[in-house]
There are 2 protein chains.
Amino acid sequence: MRISAKGRYALASVIHMAQHHHGGESITLIKISERLGISKIYLEQVFSLLKRGELVTSVKGAQGGYLLSRAPQQVSVLDVLTAVETSLFDRTEDTVAQRAPEIEFAMRKCAFQALDDAVSSALMQVTLEDLVLASEKHKGDDAAMYYI
Amino acid sequence: MRISAKGRYALASVIHMAQHHHGGESITLIKISERLGISKIYLEQVFSLLKRGELVTSVKGAQGGYLLSRAPQQVSVLDVLTAVETSLFDRTEDTVAQRAPEIEFAMRKCAFQALDDAVSSALMQVTLEDLVLASEKHKGDDAAMYYI
DNA sequence: ATAAAACATACTTATTTAATAGGATATTGA
DNA sequence: TCAATATCCTATTAAATAAGTATGTTTTAT
């Protein structure tokens, strides 16, 4: 399934924050932008969504920035992506409901609902802490292992 | 996760075929089009993909049409959607690989790969036969139950 | 021969994604 | 107070993808 740039930027940003800024210290978007190579202006939109999702809090003004609202082990990938991705579960349209409601029903119940449940439970299990640990483990490894 | 119109049309079509045309009898796109309320011209494109994916075979000329290549219990939703959907697993682009390869690695390994596995295994388990049974069960039910 | 069908290609339109632009607002510190 | 540094807000643009049309050509049964 396709995760959009917005979702990937959000996840990468939040991993970076968890890696480096534990003690209530905020980080600015410019720093994240430079560190990860993401447009700062675009990051603003991403963080607007993250804030609405209550994953980060902001400090305005000079010396301001963002910090994680919760500890990394209490933030799941599902939390991050639902805050930011438009079509992680968005699939409301009817397909053949008017003329073949029983087919519509079967598709929804057996396929789409099962799919959503699977996505949800898979992403729920992975926390920011897991991601930080995996990234630290990788730092020591051979770079050739990077591409699977 | 969002399944495109193409994927939903393909699935609905193939359910319809499994419902009504068991004994080697072909069905035309016009009939499917009329029965399900889908543009016939668009269906042609969908069936071109289904054929490439070896889910249906075609009979050209008058009295021609399409039939399922395999028995309904041997066709999974995953088969149908992979034949037709462009971005069921399509997610090759790098996000922050250049500047933060360890973050890229962690996202891929812990989040995206887990997601793909979950999607794959969920859709693999549901067969066309399951969908037909569910739709027949629904026919008897109260129509009010339709929207969950 | 003719009608009915699949098959093929090109085109158009609408929607979504990605990114940019230009400011408004708030806060710190000199 | 003022300048610098941030977040915050809204609108716009550009590119990509999705959705659907249009117009044929081939093939085959009758």
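Sequence lines set the chain letters: A, B, ... in the order given, protein chains first and strands last, and positions in each chain run from 1.
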### Message
Which residues pass the salt bridge (Lys or Arg N to Asp or Glu O under 4.0 Å) test with B:Asp130, not counting sequence neighbours?
### Response
none
### Query
What residues, two or more places apart in sequence or in another chain, satisfy salt bridge (Lys or Arg N to Asp or Glu O under 4.0 Å) together with B:Glu25?
none
### Query
Do any side-chain nitrogens or oxygens of A:Ser58 fall under 4.0 Å of OP1 or OP2 in D:dA6?
no
### Query
Phosphate oxygens OP1/OP2 of D:dA19: is one of them under 4.0 Å from a side-chain N or O of B:Tyr9?
no
### Message
Could you work out, with side chain to side chain donor-acceptor pair (under 3.5 Å) as the rule, every residue matching B:Lys40, not counting sequence neighbours?
### Response
B:Glu44
Donor-acceptor pairs are to be reported for all side-chain atoms of residues 45-58 of chain A against protein atoms at under 3.5 Å, with residues two or more places apart or in another chain.
residue : atom : partner : partner atom : Å
A:Lys51 : NZ   : A:Ser58 : OG           : 3.1

Using whole Å, report how far [atom1] of [X] lies from [atom2] of [N].
X	N	atom1	atom2	value
B:Ile3	D:dT17	CD1	C1'	16 Å
A:Leu49	D:dT10	CG	P	13 Å
A:Tyr66	D:dT5	OH	C1'	13 Å
A:Glu34	D:dT5	CD	C1'	14 Å
A:Ile30	D:dA6	CD1	C1'	8 Å
A:Lys31	D:dT5	NZ	C1'	12 Å

### Query
On DNA chain C, nearest-nucleotide positions of A:Ala62 versus A:Lys6: which is more 5'?
A:Lys6
### Message
Using heavy-atom distances to pick each residue's nearest nucleotide on DNA chain C, tell me which of B:Glu93 and B:Lys51 is more 5'.
### Response
B:Lys51
### Query
On DNA chain C, which is the earliest and which the latest nucleotide, 5' to 3', with an atom closer than 4.0 Å to a heavy atom of chain B?
C:dA4 to C:dA10
### Task
Without swapping roles, check the side chain of A:Gln125 against the backbone of A:Ser121 for a donor-acceptor pair under 3.5 Å.
yes
### Message
If you take any heavy atom closer than 4.0 Å to DNA chain C, which residues from residues 40-47 of chain B end up in contact?
### Response
B:Glu44, B:Gln45
### Query
Given that B:Arg2 and A:Gln63 both sit by DNA chain D, which one's nearest nucleotide is further toward the 5' end?
A:Gln63
### Query
Any ion pair linking A:Asp94 and A:Arg108 (charged N to carboxylate O, less than 4.0 Å)?
yes
#### Entry: Distance-only polar pair, side chains of B:Ser76 and B:Asp79, donor-acceptor under 3.5 Å
yes
### Task
Classify the side-chain pair A:Ser87/B:Arg2 by whether it contains a donor and acceptor separated by less than 3.5 Å.
no
### Task
May I ask you to say what A:Ser48 touches in the nucleic acid, namely base, sugar-phosphate or nothing, with a heavy-atom cut-off under 4.0 Å?
nothing
### Message
Heavy atoms only, 4.0 Å cut-off, all strands: where does B:Arg52 land among base, sugar-phosphate and nothing?
### Response
nothing
### Task
Compare all side-chain heavy atoms of B:Leu68 with those of B:Leu128 and state whether any distance is below 4.5 angstrom.
yes
